[in-house]
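What follows is a set of notes on a single structure, which appears directly below.
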Amino acid sequence: MDATMFQVLWFWLIALLIGGYFVLDGFDLGVGVLYPFLAKNEKEKAVLRRSVGPVWDGNEVWLLTAGGALFAAFPPAYATTFSGFYLAIMLVLFGLIVRAVSLEFRAHDGAWKKIWDACFFIGSFLPALLFGVAAGNVLQGIPMHANGDYAGIPLLGLLSPFTLLCGVLGLLLFITLGARWVALKAPEHSALQARAAQLALPLQLGALVVFVVASIVLFVVVQPELAGSTAVLRIVFAVLFVGGLLVSLVLHRKSDLLAFLSQAASVFFLVALWASSLFPSLVVATKGGAEAVGESITIMNGSSSEFSLMCMTIIACIGVPIVLVYHVIIYRSFRGRIADKDLASY
Amino acid sequence: MELLTDPIFLARFQFAATVIFHFVFVPLSIGIGLMMAINETRYYRTRDAQDAGATGLWVKIFAACFIVGVATGITMEFSFGTNWADYARFVGDIFGAPLAAEALFAFFLESVFLGILIFGRNRVSPRFYMVSAWLVWFGSCLSALWILIANSWMQTPAGGELSADGSKAVITDFFAAAFNPSLASRYFHTVLSVLAVGAFIALAISAWYMYKKRHPEFAMRTMRTGAVVGIVSMCLLLVSAHASAVVVSEEQPTKFALMEGMYDSEVPPLYLAGWVDEATQEVFGLGIPGGSSFLATGTWDTEFEGLNELAQTTEFDGMVVEEAPANLVFQSYHVMVLLFGVIMIILILTLIFTFRGGTITSKKWLQRLLIISPIFPMLAIQAGWLTAEYGRQPWVVYPSTTGPEGLTLLTADGVSQVVSAPEILITLLLFTVVYTFIFIALIRVVFKFIKQGPVLDAAGVAAAAVSGGTDAEEVDIVETVSVFAVAEREASRSSAQRSQAGSVQIQEGE
């Protein structure tokens, strides 16, 4: 059974949404993880919070859009992953909840500022780590019942050397993005800016090392089939990912903006590499044991009807350009470095 | 204790608890959003620094409620996958699209322009700021539309059919599914009632200022706006309530029967209060004979089928009459109706004493009543939702009268089979802890905002300083920064006391 145009389109659209999410919320999650370590005083903390203040909420909507699109286009994949990863998803969720609230309340609630600082950190750390673990599990495959339900051990079954490496890789990349963002937004020539830029270097090298190790583990332990239509694509995206990281390293001293953008591009290409490694599967089923008899969910056997996908394509054609305009508006309105006056009520 | 090991009960309980909590904050943000936008429009016209301060207060309260709404809303979108996997598999073809569209069309709009409202006062022009306020409010109403499309489709499915293998719903007509039979009445009923909630928040805040003799101008003005928005919403609610009753009686006969406790066919009365004895299948109460018949059909003597008859039909044979939540639906419905009356009385009193010479400033009893009064519309909307969702049971996709053949699902068949009772117990416990914590934090912060009052803070308002004497249409100053310091003494005793404002304007060279 060949995949239809709409099935292929929606696979890549959802990959695009996840990529957009990992880049955009990636940097503000990274800022949250760095928050207790990078900021040395109240003012620097305020700069960090203010740097993500106007944009984090919009960035998070990419996740909700990706989740909604997965639900609508590939309901079995949405159902299997969200119920199968139940406790892990809930940890991400609680992280995002306390994080959202902490960002809003911290400025207004001085008495509880230690609690809010802790919430900001934990709420950023949990998703930043677990998104990578989840992506690793989808790639490595999970045992599935005949009805498509996850057949492994709750939570602990999701942790393997490979998935943990994916988690660490994701975490490192999010933190790097966060450091690059702070370097871009912190006051010019401030100590904070220098520290953030300096921190990005070893993190990037670390990410590169973890990527290589994870790739080796993937080929030795997980053993994906390298054949298939996307083999060339995968090589291209892998090269682009590494290239983006290297360009970011080279531009490190020249331009904070270009260093951030090339780092962001490399994260985006990593998501593209992940998606092209999966294609055309959505959730890979591993075999073994009497329980694990389910088939992999692919874009062919797991998609909504053609008509449903067509309706959604029309919705996307109307909505996506508008959303891009919103992003231009918000990032333009708050462009440039953060000045003291921006912190007046913070 | 049996219930604690029943994953279906726990999944339902968790969904109900998290959605009720979520539905405290969504109405607050939609209702307060309107107050915020109205006030900012006023400021755009007057350029009075006091109006800017008032918008500042509304933005702060709105943002706090909105963010808690966002945080608790992610739970809801995820829960269809985490706790209701089989439901997601069954309805995804139709039900997923509105959720994706909600994020795409509404959430991006709200979050981006809220960023402008919170951080952008001196970064964008006054006109753009005002437009942002309306866009945020518009976005929250749009969000309500998409989610009610999804929810109404569960009540009155349309525009789809059962797939050939019977395993799932498949969409056949997008617009028929979106504009399903109950959407219009339920959307207007919901939005109007949450606007009433916002109006009562405005009334309560103004009443508290009157009681404490603070910010008299703001209090009086906000009291007027709140009372007008409130009474208009409540009067229009009568229309949407009638429309909803008609749709329910036509499309959802078991829900209609549950609302009036009809076990056997009868001409339904409209009870004012009562009690349903589920064991003996009798209702004790005081009611208007034929009242519900009149609401649903306009005639006083139309007979409707009761639960016992309905459960005999093939359409509704999923219903076990003995297990039907008759008293719960009956009580929720009648609490809602009763509260409608209470709210109307409070509003009429407020209107009389606000607009006839403004004597409300000396009516301490009414001020006290108004301070606690947001609880009434809040309870009413929760009771309304309980009626709607419990009345739908035992189905999650209701077999409505005009619904496509066979397109129905029992709630018990929708849960995630893979998620065990202990796992849900763990998350329930976490939800309890985290949500309690958030609730306390929100109350603290919002009360603090109210105490600070509608005053400008040190961040100031560029436009307020810049626009003195300038024609409103010509002001378009982007990237103008001014430091505007206003010190208004708390608990100022007389309205004659002017706020002391000093402003320094710094034109930033680009």
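Lettering follows sequence order; numbering is per chain, from 1. All of these numbers come straight from a predicted model, not from anything done at the bench.
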Do you know the tightest heavy-atom contact between [X] and [Y]?
| X | Y | result |
| --- | --- | --- |
| V47(A) | I338(A) | O-CD1, 3.6 Å |
| S51(A) | V31(A) | OG-CG1, 4.4 Å |
| L17(A) | A69(A) | CD1-CB, 3.9 Å |
| A316(A) | P321(A) | O-CD, 3.9 Å |

Donor-acceptor side-chain pairing of [X] and [Y] below 3.5 angstrom:
| X | Y | value |
| --- | --- | --- |
| E295(A) | N301(A) | no |
| Q7(A) | S303(A) | yes |
| W10(A) | T313(A) | yes |

Checking heavy atoms, do the side chain of [X], its backbone, both or neither come under 4.5 Å from chain A?
| X | answer |
| --- | --- |
| V445(B) | side chain |
| F66(B) | side chain |
| L117(B) | neither |
| S163(B) | neither |
| V112(B) | both |
| F90(B) | neither |

Let me know if [X] has heavy atoms under 4.5 Å from chain B in its side chain, its backbone, both or neither.
| X | result |
| --- | --- |
| W116(A) | side chain |
| V101(A) | both |
| F334(A) | both |
| I315(A) | both |
| T80(A) | both |
| N59(A) | neither |
| L70(A) | neither |

[options]: which one forms the most heavy-atom pairs within less than 4.5 Å of chain A?
| options | result |
| --- | --- |
| I438(B), T75(B), L99(B) | T75(B) |
| V68(B), V170(B), L430(B), I426(B) | L430(B) |
| R444(B), K448(B), E110(B) | R444(B) |
| A71(B), A103(B), A100(B), G81(B) | G81(B) |
| A101(B), A441(B), S416(B), G120(B) | A441(B) |
| Y435(B), Y87(B), F95(B), F107(B) | F107(B) |

In R49(A), K114(A), R106(A), the residue satisfying salt bridge (charged side-chain N to carboxylate O under 4.0 Å, His left out) with E42(A) is R106(A)

pair [X]-[Y]: side-chain heavy atoms closer than 4.5 Å:
| X | Y | result |
| --- | --- | --- |
| I297(A) | M144(A) | yes |
| W153(B) | V91(B) | yes |
| F27(A) | V55(A) | yes |
| L442(B) | F105(A) | yes |
| M90(A) | F85(A) | no |

Can you tell me which of [options] forms the most heavy-atom pairs within a distance under 4.5 Å of chain B?
| options | result |
| --- | --- |
| I115(A), L63(A), I322(A), N147(A) | N147(A) |
| Y150(A), W56(A), F82(A) | F82(A) |
| G68(A), S83(A), A72(A) | S83(A) |
| Y86(A), F94(A), F71(A) | Y86(A) |
| G67(A), A79(A), P75(A) | A79(A) |
| D149(A), L87(A), L155(A), T81(A) | D149(A) |

- Task: Go through the steps to decide whether D28(A) and R99(A) satisfy the test salt bridge (charged side-chain N to carboxylate O under 4.0 Å, His left out), and finish with yes or no.
- Result: CA-CA 11 Å; D28(A) 63 52; R99(A) 179 176 188 272; 2.8 Å; yes

Ring pair (Phe, Tyr, Trp, His ring centres under 6.0 Å) with Y326(A): of F113(B), F105(B), F108(B), only one passes, and it is F113(B)

